[in-house]
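Please read the structure below before turning to the comments.
Chain letters run A, B, ... following the sequence lines, proteins first, then strands; residues in each count from 1.
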Amino acid sequence: MENTQTIHVETQQVQRQPKDYKSDLEPIWCPGCGDYGVLNALFKALSQLNLDPDKTVLVSGIGCSSRLPGFVVTYGFHGVHGRVLPVATGIKLANPELTVIGVGGDGDGYSIGLGHFPHAARRNIDITYIVMNNQIYGLTKGQTSPTSSLQFVTKTTPFGNVEGALNPLQIAIVSGATFVARGYSSMPNHLARIFAEAIKHPGFALVDVFSPCVTFNKVQTYDYYKGKVYEIPDTHDPTDKLAALRLAEEDGMFPIGIFYRVDRPTLDEQVAMIKRQAYTENPSVEQLFRRYQ
Amino acid sequence: MENTQTIHVETQQVQRQPKDYKSDLEPIWCPGCGDYGVLNALFKALSQLNLDPDKTVLVSGIGCSSRLPGFVVTYGFHGVHGRVLPVATGIKLANPELTVIGVGGDGDGYSIGLGHFPHAARRNIDITYIVMNNQIYGLTKGQTSPTSSLQFVTKTTPFGNVEGALNPLQIAIVSGATFVARGYSSMPNHLARIFAEAIKHPGFALVDVFSPCVTFNKVQTYDYYKGKVYEIPDTHDPTDKLAALRLAEEDGMFPIGIFYRVDRPTLDEQVAMIKRQAYTENPSVEQLFRRYQ
Amino acid sequence: MEGSRTDFVVRLAGESGEGVLSLGEMLTTALARLGYEVYTFRTYPAEIKGGTVLYQVRVADHLLLSYGSQVDIFVALNEEGYRDNISALRPGGTLIYDSDNVPVHDLPNNCVVPVPIGTIAKKEIGSVLTKNVVALGAILRYIGAPVQAGEQIAEQTFKRKGEEVVQKNFQALHAGYNYIEQYADCSRPLLQGVAEVNPNRLIINGNEALALGAVHGGLEFYAGYPITPATDIMEVLAPILPRFGGVVMQAEDEIAALGMVLGASFAGKRAMTATSGPGLSLMVEQINLAGQAEIPAVIVDVQRGGASTGLPTKTSQGDLNIAVYGVHNESPRVVLAPTSVEDCFYLVQHALNIAERYQVPVIVLSDQSLGHRRCTIPKPDLMRVPRWERIVPEPGTNGEYARYAITETGISPMAIPGMPGLAYTATGIEHNEYSDPTYTPENLQAMKSKRFRKLQTLGEEYAEQFVRIWGDPEGADVGIIGWGSTEGVIREAMQLAQAEGVKAAALYPKMLMPLPVHIIEEFASKVKRVLVPEKNFTGEFAAYLRAQTNVRPISYAKDTGLPFDPEEIKEEIIHVARM
Amino acid sequence: MEGSRTDFVVRLAGESGEGVLSLGEMLTTALARLGYEVYTFRTYPAEIKGGTVLYQVRVADHLLLSYGSQVDIFVALNEEGYRDNISALRPGGTLIYDSDNVPVHDLPNNCVVPVPIGTIAKKEIGSVLTKNVVALGAILRYIGAPVQAGEQIAEQTFKRKGEEVVQKNFQALHAGYNYIEQYADCSRPLLQGVAEVNPNRLIINGNEALALGAVHGGLEFYAGYPITPATDIMEVLAPILPRFGGVVMQAEDEIAALGMVLGASFAGKRAMTATSGPGLSLMVEQINLAGQAEIPAVIVDVQRGGASTGLPTKTSQGDLNIAVYGVHNESPRVVLAPTSVEDCFYLVQHALNIAERYQVPVIVLSDQSLGHRRCTIPKPDLMRVPRWERIVPEPGTNGEYARYAITETGISPMAIPGMPGLAYTATGIEHNEYSDPTYTPENLQAMKSKRFRKLQTLGEEYAEQFVRIWGDPEGADVGIIGWGSTEGVIREAMQLAQAEGVKAAALYPKMLMPLPVHIIEEFASKVKRVLVPEKNFTGEFAAYLRAQTNVRPISYAKDTGLPFDPEEIKEEIIHVARM
Ligand SMILES: Cc1ncc(C[n+]2csc(CCOP(=O)(O)OP(=O)(O)O)c2C)c(N)n1
Ligand SMILES: Cc1ncc(C[n+]2csc(CCOP(=O)(O)OP(=O)(O)O)c2C)c(N)n1
Ligand code: SF4
Ligand code: SF4
Ligand SMILES: [Mg+2]
Ligand SMILES: [Mg+2]
C-alpha cells in the first residue's frame with residue numbers, strides 16, 4: 001500500500017527503540033490497567049515505523065486513557081472531553097506532513113464525542129483513532145458508558161443498564177471509515193501490529209481496543225475476555241463491507257484484527273488538490289478588491 | 001403489532017380529518033418545497049391514527065423543515081439547532097402517554113445533531129424521528145450538508161464537495177434503531193402510510209424523507225428522483241439486519257419503504273419497570289435521612 | 001470558641017487509591033456519632049491512582065464554621081503527603097505516621113508517633129487493604145475515643161462485603177488501637193468530656209444534602225452527565241428517585257442532559273441537572289433557550305478549580321461570571337448560591353420552586369469544598385419550604401391559547417401537553433403572545449420586557465428572604481459581602497477579628513441574580529469599608545457588585561484550589577479596617 | 001451636511017424571495033459607481049420565502065455616517081411592506097409602488113408614483129423574474145441617473161446566466177426607465193451635479209471587508225459552520241483562500257469548527273472561525289481551552305438579534321457579556337469590536353496578530369447591521385497593519401522544553417509540531433512550565449498570573465492605538481462612550497446635537513478586553529455626563545464600564561433589531577445634556 005504521504009520513515013536516521021518514545025512523566029494509571037498495554041503497544045508500533053517524534057502528534061480528550069499523550073515523547077494535544085477528532089482533523093489539514101493519532105476512551109469518543117466520529121470517517125481524513133474501550137467511565141470513578149453491557153450495574157445504573165451497547169466497529173464501517181480494526185491490550189504484539197497498519201493506512205483508521213479497567217469494571221475483566229477473544233481468520237476478506245459488518249455483529253465472542261480495509265481518496269489529499277487547482281502565482285488582496293470597485 | 005402503550009386511539013371520539021390538524025399559521029416554505037408534501041403526509045397519518053392533538057408533541061430543531069411543528073395543531077417544541085432527540089427523549093420519559101414525533105432537516109439531524117442520533121437509537125426510546133432530507137442547508141441559503149453528494153457545488157464548496165455522504169439508514173440500523181424507513185415527499189400516500197407505521201411502532205423509528213429544496217438544491221430535484229425511486233419489494237425481510245444494510249447501500253437507485261423493523265424493549269418501558277421495581281409506598285425523605293445519622 | 005473543651009483538627013494525607021478518603025469518612029462519622037460536631041474538607045488528585053489525597057476533619061463540642069486554620073494531629077501515610085503538609089502542623093501538635101512509608105526528620109516541637117501501619121496490616125492481619133482501618137484504630141485511641149465507635153462504623157462500611165471482611169477489619173482496628181495503647185508515649189485524650197448524642201442531626205455533605213433536598217422539593221426528572229465534583233449528586237439520586245416515581249437518566253453529554261431536562265420540564269415535570277464548569281459551558285446555549293422559551297429548569301453547578309479542565313478535584317468560585325452573564329443576547333435567569341451544607345438542602349427546593357413559578361432556568365452555584373464538605377447539621381425541617389406549583393391555564397380551545405400572554409408579573413400560565421385545547425409550540429424564536437414567530441421592534445420590546453419583568457417580580461417579592469446578615473453593620477469597621485461556600489469561614493474570621501478589637505459584619509445574598517440591590521446598598525452605607533472575599537482570580541463578585549450597585553468594594557480574590565482559612569480572612573479584615 | 005447637494009434615502013420593501021435584496025445591491029453599486037457615497041442597511045425575515053425584505057440606501061456626495069433618519073423615496077413592492085413602512089416616508093417624499101400589488105390610500109403630503117411593475121415584467125418582457133430590474137430602471141430614472149449605470153450593473157449581475165438573460169434584463173431596465181419618463185408627473189433629479197468617480201474606493205460590506213482583511217492578515221485556516229448573519233464570511237473565503245494556499249472547512253457544528261481551528265493553530269497556522277450568538281455559545285468550552293492552553297485563535301461573532309434563536313436576521317449588540325465573561329473559572333481572552341466597514345478590514349488583521357503574538361483567543365464582535373452594511377470606503381491601505389508572527393523557541397532536546405515558561409510578559413515561546421526537539425503536550429489541565437499536570441496552589445497562582453499578565457502587557461502596549469475619540473471632550477456637555485457598529489450614527493448624532501447647541505464628544509475603544517481603563521477614565525473626567533448608547537436590552541457595556549472603571553455612565557440601551565437612528569440619538573444627547 002502506498003502511504004508515503006503520511007508517515008516519515010527516515011532511512012537516514014537511527015532506528016528508534018520503543019523506550020525512546022517514553023517520556024519522563026510516569027503513567028498515573030492503576031496497576032493492572034489495560035491502558036499500560038496500549039501504551040506499550042504504541043511504543044512498539046512507533047518504533048516499528050521509526051516515526052519521528054517531532055513529526056508525530058497524539059491528540060486526546062479527557063479520561064484516564066486520554067492522559068496517554070503526556071507519557072509519549074511526541075507532540076501532543078490534550079484537549080477537552082470528546083473533541084479529539086475535530087482537533088486531529090485541524091492538525092492534519094494544517095500540516096499533512098504530520099502523523100496524527102487520536103487517542104481516548106469510550107466515553108470520550110463514543111458518548112460525548114460521537115457527534116464527530118462518523119463525520120471524521122466519512123471525510124476519510126488521514127488519521128488514526130485509538131479508543132481504549134473499557135466499557136466504563138474510569139476517571140469519573142465508574143459510570144456506564146455507551147459500550148457498557150446490558151444489566152451492567154454502576155452507581156448511575158443501580159438497577160442495571162437498560163441501554164443497548166453501541167457497536168463502534170459497525171458505526172465506523174457504515175460511516176465510511178476505510179480501516180476498521182479491534183485489538184486487545186493483553187495481546188501487545190498483535191496490537192502493535194494493528195497500530196502500525198492503522199498508522200500506515202492512508203485514511204481514517206479506527207482501532208477499538210479492549211483495555212480493561214481493573215478498578216471499576218468488574219464484568220469486562222481479563223478473565224472475561226479469556227477464551228472469548230480470537231484472531232480474525234485469514235479467510236476473512238477485509239474489503240467486503242457486508243462481511244465486515246457481519247463479523248462485527250455482537251455474538252459473545254470477540255474477533256480481533258482488521259475487519260475492514262479499503263482505499264478511498266483522503267480529505268487531506270483532496271484539500272491539497274483543491275489548493276493546487278486554485279493556486280495562482282503571487283495572489284494578492286489588491287486583485288480581490290476589483291470585484292468590489 | 002402491539003402498541004397500545006404509545007398511541008391514543010380514542011374510539012369514543014370523532015374521527016379527525018387531515019385538515020383538522022392544520023394550524024392557523026401558514027407554512028413559510030418556498031412554493032414547491034418538498035416539505036409541503038411531508039406536512040400533508042403527516043396530516044394524513046395523524047388522521048389515520050386519529051391521534052389526539054392534545055396528547056401529541058412535535059419536537060424540532062432549527063431549519064426550514066424544523067418550522068413544521070408551528071403548522072400543526074398539536075403541542076410542539078421548537079428548540080435549538082440539532083437537539084431534537086434529547087428533548088424528545090425527555091418528553092417521552094416524562095410522560096410515556098404522549099406520542100412524541102421529532103422532525104427536522106438533514107443538517108439539524110445528521111450534522112450538528114449526529115451526536116444524539118445513535119444514542120437515541122440504541123436506547124430504543126419510543127419516538128418517531130422524521131428527517132426532511134434535502135441534502136442541503138435550506139434556511140441558511142444553500143450550503144452542503146452531510147448527505148450532499150460528492151462534487152456538489154455550493155458557496156461553501158465552490159470546488160465541489162469532497163466529503164463522502166452519510167448513510168443515515170445504515171447508521172440507524174447498526175446503532176440499534178428498531179424501525180428504519182425512507183419515503184419521498186412526492187409520494188404522499190406512501191409516505192403517510194410509513195409515518196403511520198413508524199408512529200405505531202413501539203421503539204425508535206427513523207423515517208428519512210427525500211424532500212427536495214427547490215430553491216437551493218439544483219441537483220437532487222424532482223426530476224433527479226424520477227425513475228430512481230422505487231418501492232421496496234415484498235420479498236425484502238425487514239427483520240433481516242444484513243439484508244436491510246445491503247438494501248440501504250448506495251447504488252444510484254433509491255428504494256423507499258420499510259428497510260428494517262424488529263422488536264426490542266423500549267427505554268420508556270424499561271424505565272417504567274425500574275420505577276415499578278423501586279416503588280415504595282409513601283416514600284419519604286425522612287426515611288432517607290437514616291443513612292446519614 | 002472560648003470555654004469549649006473539645007476543638008481540634010486532624011489532617012490525613014496519603015496515596016490516592018489507598019483508602020484515605022474512606023478513612024476520613026469513617027473517622028468523621030465515628031466522631032459525629034459520638035456526639036461531636038464535625039466539619040471536613042477533602043481534596044484529591046485528578047488521577048485515580050497516584051498523587052496525594054488530603055482529608056481534614058475538625059472536631060468540636062460546639063457549632064463549627066470552618067475546617068480550621070491549624071492542624072493539631074497530622075496523620076501521614078505516604079512520603080509526598082508528609083512533605084507537602086508537615087508545615088501545616090502547629091507547634092506542639094502531633095504527627096502520627098506510617099513508619100513503613102514515611103521517613104521523618106527531627107521535629108523538636110512536635111510529638112511524633114510512628115506506627116508501622118503497613119507491617120501491621122500485612123503481617124498481623126494478612127491484608128494490605130486493611131491499612132486504613134489500622135490507622136483508624138490508632139487515631140481513635142490517640143484522641144481518646146472508645147474502640148466501639150470504630151467497630152460500629154467498620155461494620156457498617158464492610159457489611160456488604162461479608163462477615164469475613166468485617167472480622168478482618170475489626171482485627172485491624174484493634175491492632176491499631178492497641179499499638180498506640182502500648183507504644184505511644186504522648187497519647188492525649190483530646191476528646192474532653194462526653195458529648196451528648198443528638199439523634200436530630202445528620203452527618204452529610206453538600207452534594208448529598210442537595211440531592212435529598214431536591215427529592216424533598218418534588219424533583220421528578222434528573223438527567224446528567226458524570227463530572228467531578230458533581231457526579232455524586234446523580235449517584236445519590238439514581239437509586240432513590242425511582243422510589244418516588246421519578247426518573248434518572250445518564251445522558252450522552254451535557255447538551256443532551258439539559259435537552260432532556262427541558263423536554264421533561266416542558267412535559268410538566270420538575271426537572272434538574274447537575275454539572276461542573278466544563279459541562280455548564282456546554283449548556284450555555286440551551287439555558288438561553290429555557291430563558292427565552294420560558295421553560296423551568298434547575299441547573300446545579302458544583303464549581304471546581306481552574307479554567308478549562310483545570311483542577312477538577314479542587315475548589316473555586318470561578319463560575320459566577322458565566323452563571324450570570326453566559327448568554328448570547330439576553331434572556332432572564334436566576335442564580336442562587338447555597339452558603340452551607342444545611343443550606344444546600346433548602347436552597348435547591350427554592351430553586352425548583354422558582355423555576356416552576358417563574359418559568360426560568362435557575363442556576364445553583366455550589367462548589368467542590370461545599371459539595372464534599374461532610375459535617376454535622378441539624379436534621380432538616382421538612383416543612384420549611386412550601387411547594388410552589390407551576391401556574392397553568394384553564395382548558396381551552398386549540399388555536400386560542402396565548403402561551404406567552406403579556407401579564408403584569410411577566411408570568412404567563414403555561415400549559416402542559418395532555419391538557420385539552422391548549423396545544424401550542426414552545427419556541428426560542430422571538431414570538432408574539434400566541435407563540436407565532438414575530439420580528440417587529442414593538443413585539444421584541446414587549447416580549448423581552450415581559451420576560452425580564454419576572455426577575456423584577458421575583459426580586460421584589462423574595463430578595464429579602466434570601467439575605468443573611470451576620471453581626472451588626474451599624475458602624476462596623478468592615479462590612480463583608482460574600483457569596484456561597486465561604487459563609488462559615490467568614491463568620492469564624494469575624495469572631496477572630498472581634499477578639500482583636502475589629503468590628504465586622506457580613507452580608508450573604510443567596511440570590512445573586514436578581515441581586516437584592518437595595519439591601520446591599522443599605523448594608524454598605526452603614527459600614528466603613530466593604531470587603532469582598534472570594535475564591536477566584538479576578539474578583540468576579542466584586543466586579544458584579546460594582547456593575548449592579550453603587551458599592552465600591554475592596555476585592556480580596558484568591559484562587560488556590562483550597563477553601564479560605566479563617567486566620568487568613570481575619571488578617572485581611574484587620575488589614576482593611578486599618579487601611 | 002449643510003451645503004451638500006446630494007443626500008437622500010431610498011427604502012425598498014418587498015416580498016422575501018422576490019429579488020429585493022438583489023435590487024438593493026444593484027441600485028447601491030450603480031450609484032456608488034456614479035461616484036456617490038452610499039451607506040446601506042438591510043433586514044429580512046428569518047424565512048426563505050414570505051415576509052418582507054427591507055433594503056435602505058442613503059446616497060450623498062459626502063462621507064456618510066449612518067443610513068439616515070427619514071426616507072425620501074419609498075419603493076413598495078408588496079402590500080405588507082407598504083403597510084409597515086409608509087409611516088417612515090417623510091412629508092414631501094415620494095412613494096413609488098407596484099400598482100399591481102399594492103393598494104395605496106390617499107397620501108396628500110407625498111408625491112405618489114404608481115408603476116405596474118408586475119404587468120410590465122410579465123406582459124412586456126415575458127418574465128416575472130425581471131420585476132426587480134424594472135423597478136431598478138424606474139428608480140434610476142426618477143432620481144435622475146443615466147440608464148447606462150443600470151446597464152452596467154445588470155450586465156455584470158446576469159452575465160453568467162447567458163446573453164439572452166442579459167438582454168431580457170436590459171429590456172426590463174429600459175421599460176422601467178421609460179415608464180417614469182412618460183408617466184410620472186413629479187419625477188425629480190435628486191442626483192445633483194456630477195460626482196467624481198473615485199477608483200480608490202470599494203463598495204463593500206462589513207463581512208466582505210472582514211474576510212478580505214483576514215486574507216490580507218495572513219489567514220491560513222478557516223473552519224466554520226453556517227449561521228446567519230456570519231455565513232457570508234465563509235462564503236467569501238471559500239473560493240479565495242485556497243488560492244493563497246489556505247484551507248476552508250465546513251465543520252459538522254461550531255464545536256468542531258473551533259476544534260479544527262485550535263488543531264490547525266496548534267500546528268502553526270493562522271486560524272479563524274466566524275459565527276453568531278448560538279454558535280458562540282457552543283464554542284464557550286473550547287475558547288476557554290484556548291485561553292488556558294495558550295493556543296492562538298480568532299473567533300468572529302457577527303451578533304444577531306434576540307436570545308436563543310431570537311431574531312436571526314436582525315441586529316443587536318447583545319453578545320458583549322458572553323464575549324467578555326463567558327468562561328467557567330478564568331482564562332485570558334481578548335475582545336475587539338470593529339466600528340465601521342473599513343475598520344472590519346483592519347481590525348481582523350490586528351485580531352490575528354494579537355492571537356499569534358499573545359497566544360490567546362481573540363473574539364471579534366461585529367453585528368448584522370455592520371456585516372451587511374454595504375457602503376463606499378476608501379480602498380484599504382495594505383501596509384497599515386504590519387504582520388506579527390508567533391514567537392517560537394530555538395530547536396532543543398526533547399524533554400527539556402518549557403512550553404509554558406514563566407516570563408515577564410507572560411508570553412512563552414511556542415513550538416510548532418515539526419520543530420525538532422521541542423515535542424510537548426498542550427493541555428487544558430493546570431500544568432507547570434513543562435506542561436506536566438500540577439495541582440499545587442503555588443503553581444496555580446504562578447501560572448494563572450502568567451497567563452493574565454499577557455493581557456496586561458497587551459493593554460499597556462496597545463490600548464491607546466485602539467481608541468478613537470471624536471470631538472473635544474474638554475468641557476463637553478455629553479461624553480459618549482460607545483462600542484462597535486454604532487460609531488457612525490453617533491458621530492452624525494453629535495453633529496446634529498451640535499447644530500442645536502449641545503456639545504458632545506465620543507470615545508470608541510475597539511479593544512474591549514483588556515479595556516483601556518485609564519483613557520476611558522480620563523475622557524470621562526473631562527465631560528459633564530457620560531452616555532452609553534448600545535443596541536441591547538440590559539445595557540451590557542454600561543454595566544461593564546461600571547465594573548471595570550470608576551465611570552458611572554447613563555445607559556441608553558435599546559433593543560429593536562434595527563440600528564440606531566441619528567435623530568433618536570441626538571434627542572438622547574440633548575436630553576442628557578439638559579438633565
Ligand atoms: C464536558 C465534560 N464533561 C464531563 C467531564 C468529566 N469526565 C472526565 S473523563 C470522563 C469520562 C471518562 O471515560 P472514558 O472516556 O471512557 O475514559 P476512561 O477514564 O474510561 O479511560 C468524564 C465524563 C469533562 N471533563 N468534561
Ligand atoms: C447553533 C447553531 N448553529 C447554526 C445555526 C444556523 N442554522 C440554522 S438552520 C441550519 C441548517 C439548516 O439545514 P437543515 O437542518 O438541513 O434544514 P433545512 O433548512 O434544509 O430544512 C443552520 C446551520 C443555528 N441556528 N444554530
Ligand atoms: S480507573 Fe480504570 S481506566 Fe482509570 S487508570 Fe484505573 S484501571 Fe485504568
Ligand atoms: S429554501 Fe429550500 S428547504 Fe427552505 S423552504 Fe425553500 S425550498 Fe424548502
Ligand atoms: Mg472508558
Ligand atoms: Mg436540509
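Counting only distance, with no hydrogens or angles, the side chain of A/Asn133 and the backbone of A/Thr147 share no donor-acceptor pair below 3.5 Å.
Of the listed residues (A/Glu249, A/His116, A/Gln277), the greatest number of heavy-atom pairs within a distance under 4.5 Å of chain B belongs to A/Glu249. Of the residues considered (B/Asn167, B/Ile125, B/Leu166), B/Leu166 shows the highest number of contacts with chain A, using heavy-atom pairs under 4.5 Å. Across A/Ile173, A/Ile171, A/Val162, A/Ile274, the residue that shares the most heavy-atom pairs under 4.5 angstrom with chain B is A/Val162. Taking B/Ala278, B/Ser175, B/Ser111, B/Pro265 one by one and counting their heavy-atom pairs under 4.5 Å with chain A, the maximum is reached by B/Ser111. If you tally non-hydrogen atom pairs under 4.5 Å between each of A/His119, A/Gln270, A/Met273, A/Arg246 and chain B, the highest count goes to A/His119. Looking only at heavy-atom pairs under 4.5 Å with chain B, the residue among A/Pro146, A/Pro158, A/Gly176 that has the most is A/Pro146.
Between A/Val207 and A/Gly183, the shortest heavy-atom distance links the atoms CG1-N, 4.5 Å. For the residue pair A/Phe204 and A/Ala121, the shortest heavy atom distance occurs at CD2-CA, 3.8 Å.
For chain B, no part of A/Phe117 is nearby; none of its heavy atoms comes within less than 4.5 Å. Residue contact with chain A, scored on non-hydrogen atoms closer than 4.5 Å, involves the side chain of B/Leu267 exclusively.
A/His236 and A/Phe259 have perpendicular rings, their planes meeting at more than 60° on a 0 to 90° scale where under 30° would count as parallel.
Between the side chains of A/Ser149 and A/Gln220, at least one donor N or O sits under 3.5 Å from an acceptor N or O.
Checking each of B/Leu85, B/Thr89, B/Ile127, B/Val100 against B/Val59 for a side-chain contact (heavy atoms from CB on, under 4.5 Å) leaves exactly one that passes, namely B/Val100.
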